[in-house]
Amino acid sequence: MIKRSILRITFSFFFLVTAGFYLSAFAQNKLVINADLGKEVISKHIYGHFSEHLGHCIYEGYWVGENSSIPNTRGIRNDIVKALREIQIPNLRWPGGCFADEYHWMDGIGPRDKRPKMINTHWGGVTEDNSFGTHEFLDLCEQLGCEPYISGNLGSGSVDEMSKWVEYITFDGESPMANLRRQNGRDKAWKVKFWGVGNESWGCGGNMTPDFYSDQYRRYATFCRNYDGNQLYKIACGANNNDYNWTETVMKNVGYRMQGLSLHYYTLPSGNWGKKGSATQFDENEYFATIDRTLRMEELLTKHSIIMDKYDPQKRVGLITDEWGIWTDVEPGTNPGFLYQQNSLRDAILAAINLNIFNAHCDRVKMANIAQTVNVLQAVILTDKEKMLLTPTYWVYYLYKAHQEATLLPLSLTCAKYKLNDKEIDAISVSASKDASGKIHVTLVNIDPNKAQSIETELRGFAAKKVSGKVLTSAKINDCNTFEQPNTVSVKDFAGAKLSGAKLTVSLPAKSVVLLEIE
Ligand code: AHR
């Protein structure tokens, strides 16, 4: 009798301890999605791109020329266009970057063999032959089905030059610039909405103070006219990183004259511009530090938004994060001025975290452009002559396209920490939206490279019937896609989500990005 009671007590004790362990593991990761409370729309332009005349982004990237043996349409590679259409690229920023403030658009029109050459002083000192210019760029955007975002030259160009560029592209009537455009083979004016008025004017774009830039912005923006129903969305040069004084001064001086204000923030693995860290050879300490640094995007958006709110409480001016991404050392043996870097699962995780952050700030963040689409920095595509591969970061855009123009769903997450040495960060990043057809999409990132995470999810205000998903992960955090093995890191079907009534349990593999579709 006594023996039996002891056995029963011992059993109950073990049962409670075990159940408690599982419950606390579960309780650590609890997600509540308010499916009926969304109000802000996630602009598709958050999923935008940036391509500069830099290294092999344009030349030997998009542009191979009409006589190339690589399949192309009017000189533009067909495989790149197809891949970018697949991720619904919404806009493309061009021609820079630093290059934009040295670029004279008139050198890039007319017969290609007559176009003047220039030195690309910022990027490797190579000769730019201007064979890819305004017509080629706008043709590329038409082939991609995306909106052009042109960055005008305020650093070394004149007000007249910028004003004429707008006229050349967008004026449909009789005028010197419109006629010149016709002479160069394009009858109908293009529509161009996004127009940058200077790039990094605090640095490579002219080393200006915010007050001086504000006055320049006033002049240049005044002469960028709206022709024939084309309504420019003028984007002023915004801050570098945490330069809150720049945002404060420019918003105070000219906030009412702009539609967008940019922000640039790059994640450097080592945290400094000297030795930045390798794209492929890094240990867990460096992985942790990189993710910790990229999470600063949250703080930057919050603080710049607070300043913008002061001058623009109606949130009329968009915060345009038109350069962001990981910036590592170049691949050994490549031209240091070409910024060619590999792309690993780490970079995919980093991109996914940033995109979740942009979504969360979609009341203010109206556009973001990852740097840079092809062969430069955090590229989504790498090419080697006729070969092309899709990087792990590409697959994040493939998964996240579900959020474009969907309604952001408010959520709350309580989650485990990813700890290393004496530091810790949240192990999970998440974003949720509801699309026009009523489907919910949830993007989840398990940042922890060592531990899987189980998440108990409650969907409030939604009767879920079906869940399906996709996952991006790989054996090692520094796994890459190479020309020899292009599919090491790619998307697979995900079977780790289970529905039971209003409860959804998700088992996230370590170091993974997951997309759930809930109907
Ligand atoms: O993306 C590379 C460079 O980074 C851009 O040209 C410049 O705007 C920034 O400093």
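One is the number of the first residue; the rest follow in order along the sequence. These numbers come from the heavy atoms of this one structure, side chains and all, not from hydrogens, waters or symmetry mates. Counting convention: from 1, in listed order, for ligands and their atoms alike.
- A salt bridge links D309 and R364; the closest N-O separation between the charged side-chain nitrogens and carboxylate oxygens is under 4.0 Å.
- Side-chain atoms of S131 and D129 include a donor-acceptor pair closer than 3.5 Å.
- Taking C146 as the reference, nothing meets the disulfide (SG to SG under 2.5 Å) condition, with sequence neighbours excluded.
- The aromatic rings of W273 and W327 lie perpendicular to each other, with more than 60° between the two planes, well past the 30° mark.
- Applying the ring pair (Phe, Tyr, Trp, His ring centres under 6.0 Å) test to Y244 and every residue at least two apart in sequence or in another chain returns H304.
- Protein neighbours of ligand 1 below 4.0 Å, counting non-hydrogen atoms: F50, E52, G97, C98, W123, N199, E200, Y266, E323, W327, Q372, L377.
- For the disulfide (SG to SG under 2.5 Å) condition, the pairs that include at least one residue of residues 56-106, sequence neighbours left out, are C98-C204.
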